[in-house]
Amino acid sequence: MSPIADRLLMGPGPSNPYPEVATALAAPVIGHLDPEFLGVLDDTCDRLRTAFATANALTLPLSGTGSAGMEAAFVNLVRPGDPVVVGVNGLFGERMAETAARVGAQVVRVEAPWGQPLDPGQLLEAHRSPALIALVHAETSTGVANDVASVAAGRGDALLVVDTVTSLGGMAVEVDGWGADIAYSCSQKCLGAPPGLAPITVSERARARLVERPSSWYLDLSLIAGYVEAGAGRAYHHTAPVTMVGALHGALGALMEEGVAASCERHRRCGTLLQDGLVDLGLELFAPEAHRLAQLTTVVVPRDIPGGRSEADVRMQLLTEYDIEIGGGAGQLAGQVWRIGCMGHTARPANVMALLGALGEVLGR
Ligand SMILES: *Cc1c(COP(=O)(O)O)cnc(C)c1O
């Protein structure tokens, strides 16, 4: 196994478990209205329905990264002055609040300290009749899971927007089971495809309340629906990123073959293996156990790094000497934690053991 191929998100070679992705990336580019491509697009939407556990007709890979999905949700559902309740317990909840404010929402923030989960009761009681309640399922900045099901169960007439950017494919996402109105994700985290697309799904309830002429033309879901849903009567909206859709199609094919539940279980097992190993190295985990993500582990940076080196030095050594990339802290946790992603095809015991061995060496433990 070549460590470089492992380190690259989508390196070719025998260790790449998603050969369909490499094939799609290397394939000659065909036109975005070519029937062959349209077949791949339709199939991608079907696979996304399975991944999101939904029957929503409007389910598609939006052009742009996960943040485009976030922006599309607010731009299409929020009218100026609408009361919008946003859960904020990390960088991405903060981004949701900012995005909602920019489209004119009257944002009601419900906060929890970074590292703690949101309180569903507080979210439900924050406003008498919110137009919308929004929260992040898996907070990638802190490694904490939020309880979407409890918020969904009590949301009443409010629309519910769920950020599943770090959860889709890595932990149970039940769009119809929850009754979520918009859920969006990205291609590059637990789905293990290259970055560039934002899978998104929209309920019939949300479709009935879509803003008529949203301030973004590009992210106007009604216009996009005319392209993805209309079969033979498709109306050109914007050029679909053909190669990226093919790559996502391949990654979703691997997910369908493994099974969504099996993929979530693999992520869970790797997370446990990693977290137990980190504790055995004498390191402190940042997120409380009951609310800890498996696919993104936050570790408190130890005070006794040998040689007086910084936490960034440790990450650089892991990258240059061991071909393993871990993340630094984000936002207010910068310099305080490491964030170790174990997502998509990288969530494998061999990778976990390689990291634990390398980290033990670098930290002299
Ligand atoms: C990564 C991430 C985003 C942003 O996705 P991009 O693909 O970087 O635009 C949004 N929300 C969460 C929870 C994330 O982890």
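One-based numbering, in listed order, for ligands and for the atoms of each. Along the sequence shown, residues are numbered consecutively beginning with 1. We use all heavy atoms of the structure for the numbers below, so side chains are in, but hydrogens, waters and symmetry mates are not.
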Atoms in ligand 1 flagged as close to G66, the criterion being non-hydrogen separation under 4.0 Å: 5 (O), 6 (P), 7 (O), 9 (O)
Test: E229 and R207 ion pair at under 4.0 Å: yes
For atom 8 (O) of ligand 1, the protein heavy atom that lies nearest, with its residue and separation: Q188 NE2, 4.0 Å
Ligand-residue contact atoms, ligand 1 with T166, heavy atoms, under 4.0 Å: 15 (O)
Identity and separation of the nearest protein heavy atom to atom 11 (N) of ligand 1: D163 OD2, 2.7 Å
Contact atoms of ligand 1, heavy-atom distance to A138 under 4.0 Å: 13 (C)
Atom pair CD/NE2 of E20 and H249 - distance to nearest 0.5 Å: 7.0 Å
All side chain to side chain donor-acceptor pair (under 3.5 Å) counterparts of N89, not counting sequence neighbours: N146
Carboxylate-amine/guanidinium contact D42 R49, below 4.0 Å: no
E94 side, atom CD; T99 side, atom OG1 - distance, nearest 0.5 Å: 10.5 Å
Nearest neighbour in protein (non-hydrogen) for atom 3 (C) of ligand 1: F92 CE2, 3.4 Å
Residue and atom name of the nearest protein heavy atom (relative to atom 15 (O) of ligand 1), distance in Å to one decimal: T140 OG1, 2.3 Å
Closest protein heavy atom (residue, atom, distance) for atom 2 (C) of ligand 1: K189 NZ, 2.6 Å
Numbered atoms of ligand 1 (with element) below 4.0 Å of R95, judged on heavy atoms: 4 (C)
Identity and distance of the protein heavy atom lying nearest atom 4 (C) of ligand 1: S67 OG, 3.4 Å
Y218/H238 under ring-ring contact (aromatic ring centres under 6.0 Å, His included): CA gap, chis, key distance, verdict: CA-CA 8 Å; Y218 193 73; H238 67 268; 4.5 Å; yes
Element-labelled atoms of ligand 1 that are located less than 4.0 Å from some non-hydrogen atom of V136: 13 (C)
Rounded distance (nearest 0.5 Å) linking atom CG of L132 with atom CZ of R209: 9.0 Å
Which residues share a salt bridge (Lys or Arg N to Asp or Glu O under 4.0 Å) with E204, sequence neighbours left out: none
